[in-house]
Amino acid sequence: MQFFDTHSHIGLIYNDPIEQIRVIQQAKQADVTRIISINNNLLDFKKEYAFLKSITGIYHAVGVSPSEVKAPGVDWQNTIVESAKLPNVVAIGEMGLDYDKKYGDKRSQIELFIQELEIAKSCNLPAIIHNRMAGDDIFEILKERIPAQGAIFHCYSEDSNYAHKCLDAGLNVYFSFAGNLTYRNAKNLHGTALNLPLDRILVESESPFLPPQEFIKKDSTKKTRTKPYMLPATARFLSELLGMDLETVSAQLWKNSCKIFNLPE
């Protein structure tokens, strides 16, 4: 079996590139052989790409998250376009809307989101979507502006009705679940996963956040730093939830991930 971590902030796990390489080696030992490296801003992308560009199995997304709406960077649009031409850059993002943290104002967030979707279209790459309490606006925007290569709702947090609304509207979207899928009280996510087509599901570590339940430290004063090697626990929970064997589920998750990021299986 092999696993594809579709969303990992490797640079937030450790700043030291040697430690980052150890994280990647540890992941490969756990059969997590492909990872999408995610950054929230373009300065971090430039740094992480330089560190990781030559490592087999590491792919990259480039974009500006909603948290950076007030200062996306000088000539940020052209920077994304040029960065998207680099080897192993396979997506634009993460991008989207966050009405929970209230970064900037809604109008400025929406303008940034739309501009990045247009860049994804022009680069013929999928978009990685950050959605926090902004599902209605994101749906309306995607109906008009989703890139031809599709989009991924990362760390999916809406319900199954929202997912089916997107699919029924003909949107080429995938739904990526992080370690919080394994939490006992995540009944909404459990119900969503049970009601989605398996060929539209992805999994992610969302490193260094949201560790799978089995890795959460019993001492509440110590926080678990999520790493990609933990990803199989989420896939295993998903397989048990669906009543399917792990090999079958992991093979489909791998196929889905390769398809949305246009990579060979």
Suppose the criterion is side chain to side chain donor-acceptor pair (under 3.5 Å): which pairs have a residue in residues 54-64, not counting sequence neighbours?
none
Are F261 and I35 connected in the hydrophobic side-chain network, where two residues link if heavy atoms are under 4.5 Å apart?
no
What donor-acceptor contacts under 3.5 angstrom involve side-chain atoms of residues 160-175, with partners at least two apart or in another chain?
from : atom 1 : to   : atom 2 : distance (Å)
Y162 : OH     : G135 : O      : 2.7
H164 : NE2    : N195 : O      : 2.5
N172 : OD1    : R200 : NH1    : 2.9

Side chain to side chain contact (heavy atoms under 4.5 Å, CB included) for L253 and I201? Distances and angles first, verdict last.
CA-CA 7 Å; L253 293 173; I201 296 177; 3.9 Å; yes
Which pairs with one or both residues in residues 67-97 pass ring-ring contact (aromatic ring centres under 6.0 Å, His included), sequence neighbours excluded?
none
Kindly indicate, with the supporting measurements, whether the criterion side chain to side chain contact (heavy atoms under 4.5 Å, CB included) is fulfilled by L263 and F4.
CA-CA 11 Å; L263 294 170; F4 196 134; 3.9 Å; yes
Tell me the side chain to side chain donor-acceptor pair (under 3.5 Å) pairs involving residues 245-257, sequence neighbours left out?
D245-T248, Q252-N256
Does the N40 side chain pair with the main chain of S65, one donor and one acceptor, at a distance under 3.5 Å?
no
If you take the centroid of each ring, where Trp contributes its six-membered ring, are H190 and F177 closer together than 6.0 Å?
no
Connected via hydrophobic side-chain network under 4.5 Å: I119 and L43
no
List, by chain and then residue number, the residues other than F215 in its hydrophobic cluster (Ile/Leu/Val/Met/Phe/Trp/Tyr, side-chain heavy atoms under 4.5 Å); write none if there are no others.
Y229, M230
Donor-acceptor contact below 3.5 Å, side chain T226 vs main chain F209:
yes
Tell me, which pairs form a salt bridge (charged side-chain N to carboxylate O under 4.0 Å, His left out) where one or both residues lie in residues 43-64, sequence neighbours left out?
none
Closer than 3.5 angstrom, by distance alone: can the side chain of Q109 be matched with the main-chain N or O of D98 as a donor-acceptor pair?
yes
Can you see whether N131 engages E158 through a side-chain donor-acceptor pair at a distance of less than 3.5 angstrom?
yes
Determine, step by step, whether L112 and Y103 satisfy the side chain to side chain contact (heavy atoms under 4.5 Å, CB included) criterion, reporting the C-alpha distance in whole Å, the side-chain angles of both residues, the deciding distance to 0.1 Å, and the verdict.
CA-CA 12 Å; L112 178 66; Y103 300 115; over 6 Å; no
Taking the side chain from T6 and the backbone from V203, do they hold a donor-acceptor pair closer than 3.5 Å?
yes
Axial cation check for Y99 ring with K106, 6.0 Å and 45° limits
yes
Checking E111 against R107 for the side chain to side chain contact (heavy atoms under 4.5 Å, CB included) test, could you report, in this order, the C-alpha distance in whole Å, the side-chain angles of both residues, the deciding distance, and whether it holds?
CA-CA 6 Å; E111 288 175 355; R107 178 176 293 181; 3.6 Å; yes
